[in-house]
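Notes follow the structure.
Lettering follows sequence order; numbering is per chain, from 1.
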Amino acid sequence: MGGLQKKKYESGSATNYITRNKARKKLSLSLADFRRLCILKGIYPHEPKHKKKVNKGSTAARTYYLLKDIRFLLHEPIVGKFREYKIFVRKLRKAYGKAEWSAVERLKENKPGYKLDHIIKERYPTFIDALRDVDDALSMCFLFSTFARTGKCHVQTIQLCRRLSVEWMNYIISSRSLRKVFLSIKGIYYQAEVLGQTVTWIVPYQFAHNHPTDVDYRVMATFTELYTTLLGFVNFRLYQTLNLVYPPKLDGQGEMSLKAEFEEDYALESESYTEKLSALSASLARMVASVEEEEAELDHFPTEGEDQEKMEVREKMEQQQSKQKKLFEGLKFFLNREVPRESLAFVIRCFGGEVSWDKSLCIGSTYEATDETITHHIVDRPSMDKQYINRYYIQPQWVYDSVNAKIQLPVEEYFLGVTLPPHLSPFVEETEGDYVPPEKLKLMALQRGEKPQAEEDEEEEGDEEEEDEEDEEEDEQSENEEEAEDEANLAEMEEKRSQGKSLSVKVTPGKAKAENRVRAAEEEKAEEKRLAIMMMKKKEKYLYDKIMFGKKRKVREANKLAAKRKAHDDASKADKKKKKKC
Amino acid sequence: MAAARKHKRMAASQPGFLPLKSDLDGSISNVKRRKRVNKNKKKNWNKYSDIRDVEDFLDDVRLQEKATGGLISEKPDESLFFVDTGEKAKDKQPQTTTKKGKRSKPLRIDLILQPDSHIPAPKNVLAYQQPNAKKQRRKAEKAAKLAAIGVLPRREKLLQLRRAAAASGVSVKEKPVANNNPERPFYDLWSEGTPEAADPFYLEQTKKKLIKRPDRLNEKPSVLPAIEVIAPGGSYNPDFFSHQELLREAHEVEVKKLKVEEKLARQLAVNQDIATEESTFKEQVEGLIEEDEYQPEDPDGDADDTVIGPTATQEKKTERQRKKEKAEKIKELQRKAEREVIDKKQQLFQLRSIRANLKNQEQRTKMRQAQRKAKQEAEKSMPRRLGRLKFQEPDLDIQLSDELASSLRSLKPEGSILKDRFKSLQKRNLIEPRERAKFKRRYKLKYSEKRAFREIQ
């Protein structure tokens, strides 16, 4: 029974954690500074597993940090800078109070500042690490760049954010790495593939701000401070990879064409260059005279079996991508003044199209509306007075939908004043058996290269045909499934039943079936599978049945939805017809 | 003693010494009053030696020096005497001058305070002395020697360097550029720069080397993606079904909220007993109807039986009873032990059931482990409790069917991206949820009417 009695809370989790206030005192910083430091250094609060142990018996909720993290913070040189800044503020205030203006000036001249470069390097040891985390930075920069300069945050911050976001957009244009766009009710989501990393960001619509009150602007500004630094370095490196000049410069050709006669009408002389850059209508200057883009072809290695399949898939993807990159090449767009200019210009230029707008709308327009070579005129109003015969007048959604579909969609559905098809989210990826809206099915068929029939016909005629078409598509889909799994037959039956069609039971004169080799092989395969199922152990069989049941249920649900949709469509069509008749 | 007297006489006979005041007759009286004094003490010297004559003489000398600037005996005659030639002319002139320069004449009080001594004040030696003069002189000599060779002190060297830099147009110390300066330059941060040439130990000791960031900090506190794309129903021109789906989701959230509110209201409601017809009737009839079943028991017997539990009046156990109890206890223990032995033997035959039991147990632990793991996985994407407040899911951004815009031009954006981002940061455990600090007035407001206001009324 020897030894000292163990005291409580002197080891274990009680000593591993430190409360926020204690940490703040340990660093001798004010709460605001402490918070800033934590954000910049990427030290986040931690929830202990046993609160009672950590809080010495009390269960009150508090903010804890790991003690080791705070110890790590103690070594940060920025802490000293914060203290310096505090003293600077005190001195300045004193000088102001005494009305010593010369002292104020001297102090202001020697205002202490700090750099975040080393922190960025420390938090993101490699460039790819930084690129992975650039989502947040982009969203924040795009958001801040749209703020009004009314004192919610520093004007300089807004300017820097604008500069960085324009740089980023210019990079995406030059590298043609945009993949998806989604117009949501919140803002516009973009997705790009940069050096193999998928980067998603959201851009607010223009003039969409009401400043919410329950957001801590100081915290957001701190995050922005970090993210602008990060994005700047990332941009520099990205420009380097494309051999572009950084800070971005318009190439000679572009600069010439953008020489407006009265530049001072658009912007101050000091700002006109950045404005031209942000117009996104001209390409950037390169360090080395650009060699026509060499497509890096995939190396071919002799491979076998699965690898080969994978290779083929990859090759196909590659081809698709290169095709997508040239989606709008050769097309000439003109933006009417009521469409979101920046977003459209960005998207069109990302896929190789040429774009211009009215001279009075923005700086950087390259040709006028009267240009005969314009192929697409993007309009978002019910009708136009003066129409040229050799161009399509389409609504802006066509551009976005085409990008998402990776093909130039038929323009008929997007004509002036036509009710648009729904704008589907490209971020949804359906798995097998999920409900797929008919619009998407149509789109998939288009992607496969099948010509839609009866689209251009009159509606009255189109009705039935469309129905047929839909059926066909559904059949098609079920066929796909059949290929994929053996249970699809069942699904098909169910589908038919759900649509109220009885199975066709009829006696027909027999025909000599041509021996189909492929068919036979498939049948054999199916037979094999059936036998394998029969040979399963009881346990495995149980699992298998369960999986199959789940799949079937999914299919059933999808079918239900499809049927509902059809009913809805029919009802709406009937309504329309009635209206027409009236 | 005799020797002392002899000394005195000798002193008197010397020419430089003033004669003693006392004469022959005085010496007689002196002899009379002679005191025996030890002259080996300074105190006695001061006390018993008469030096007044010396002091008088010195006072006289000082007075002469003060008044005339030297001993009168040493002055030439011209400075002591003048020939009196009458004072008529002299008297007239100063009168006129005094009238003219009446103002320039200093005040009498100032004149009194003027030093009238002819001896100049002694020099303040300290004012002329330089501390460390010797050392500095030596230093200066050394510097001059070095300068002659061409070696400059460090300060000089730095100054020259700075001057040279300024002349060439490159400022040595760059002012730090503010982090939000829109023209700030960037460079290749991740390039393989030149490796540190300096000794790592030196860098570490001088705190020039940054501490390595622990790997643990590079893990993200949540597995959620930075940008959560809105559901397909949130499209500006949504597909009918996905839109309905989103609406349903939002509806469910609302219903849940409502349920919580209702529950709270129900719990807080005062439990009111509302009088019904039946209850009022019962009240009125209370006590009037005799109930058959009710039979009052004997009050005395009742009181006896109600005592429960041990009382002090309980009788003591007898020795026999105790023994009996003890024997029973031992017997019981024995029986238990026997039973155990039998059970153990029996277990051999229960092997199958035991095995089944074990299997069951194992299965259960496995299931629980899986559950726990699943829960942990799910928790990774959940917002943690990081502070006083819980994370509150923001409202789903939706547009009702009649709010949906017909075209992109007429689209009215829903919600705020800023708030969305803020909530996302909270959801990913990067910052703790907080609420806006409430404005707290330090002192109570006091209302008073201004006079101007009162006058108008």
Quiz item: Where do Leu189(B) and Arg237(A) land on the side chain to side chain contact (heavy atoms under 4.5 Å, CB included) test, with the steps shown first?
Solution: CA-CA 8 Å; Leu189(B) 188 69; Arg237(A) 187 67 182 248; over 6 Å; no
In terms of heavy-atom proximity below 4.5 Å to chain B, should [X] be classed as side chain, backbone, both, or neither?
| X | result |
| --- | --- |
| Gln191(A) | neither |
| Arg162(A) | neither |
| Thr200(A) | both |
| Ile120(A) | both |
| Val203(A) | backbone |
| His46(A) | backbone |
| Pro396(A) | side chain |
| Glu225(A) | side chain |
| Pro421(A) | backbone |
| Pro340(A) | side chain |
| Phe127(A) | both |
| Arg123(A) | both |

Please classify the contact of [X] with chain A as side chain, backbone, both or neither, using a heavy-atom distance under 4.5 Å.
| X | value |
| --- | --- |
| Leu425(B) | side chain |
| Lys212(B) | backbone |
| Leu210(B) | side chain |

Quiz prompt | Any donor-acceptor N or O pair under 3.5 Å, side chains Tyr187(B), Asp117(A) | solution = yes
Quiz item: Any Lys/Arg nitrogen of Arg385(B) or Glu47(A) sitting under 4.0 Å from an Asp/Glu carboxylate oxygen of the other?
Solution: no
N/O donor-acceptor pair under 3.5 Å between [X] side chain and [Y] backbone:
| X | Y | value |
| --- | --- | --- |
| Arg381(A) | Arg409(B) | no |
| Trp190(B) | Tyr124(A) | yes |
| Asn179(B) | Lys115(A) | no |
| Thr63(A) | Leu386(B) | yes |

Quiz prompt | Atom of Thr228(A), atom of Phe186(B) and distance for their closest heavy-atom approach | solution = O-CZ, 4.1 Å
Exercise. Output the residues of residues 352-377 of chain B for which the shortest heavy-atom distance to chain A is under 4.5 Å, in residue-number order; output 'none' if no such residue exists.
Key: none
Quiz item: Using non-hydrogen atoms and a limit below 4.5 Å, what part of residues 429-440 of chain B faces chain A?
Solution: Asn429(B), Leu430(B), Ile431(B), Glu432(B), Arg434(B), Arg436(B)
Practice problem: Output, in order, the C-alpha distance, side-chain angles, deciding distance and verdict of side chain to side chain contact (heavy atoms under 4.5 Å, CB included) for Val215(A) and Lys423(B). | Solution: CA-CA 9 Å; Val215(A) 171; Lys423(B) 283 282 179 188; over 6 Å; no
Quiz item: Step by step, would you call Tyr217(A) with Leu418(B) a side chain to side chain contact (heavy atoms under 4.5 Å, CB included)?
Solution: CA-CA 9 Å; Tyr217(A) 278 85; Leu418(B) 183 67; 3.5 Å; yes
Quiz item: Can you list the steps and then say if Arg428(B) with Asp136(A) is a salt bridge (Lys or Arg N to Asp or Glu O under 4.0 Å)?
Solution: CA-CA 12 Å; Arg428(B) 283 182 284 148; Asp136(A) 249 333; 2.7 Å; yes
Quiz item: How many angstroms lie between CD1 in Ile227(B) and OG1 in Thr198(A), if you round to the nearest 0.5 Å?
Solution: 13.0 Å
Exercise. Applying side-chain contact (heavy atoms from CB on, under 4.5 Å), name anything that partners Glu219(B), two or more places apart in sequence or on another chain.
Key: none
Self-check item: Summary of side-chain hydrogen bond (donor to acceptor under 3.5 Å, both in side chains) pairs that have at least one residue in residues 232-255 of chain B, sequence neighbours excluded
Solution: Gln397(A)-Tyr236(B), Gln397(A)-Asn237(B), Arg565(A)-Asp239(B), Glu245(B)-Arg248(B), Arg248(B)-Glu252(B)
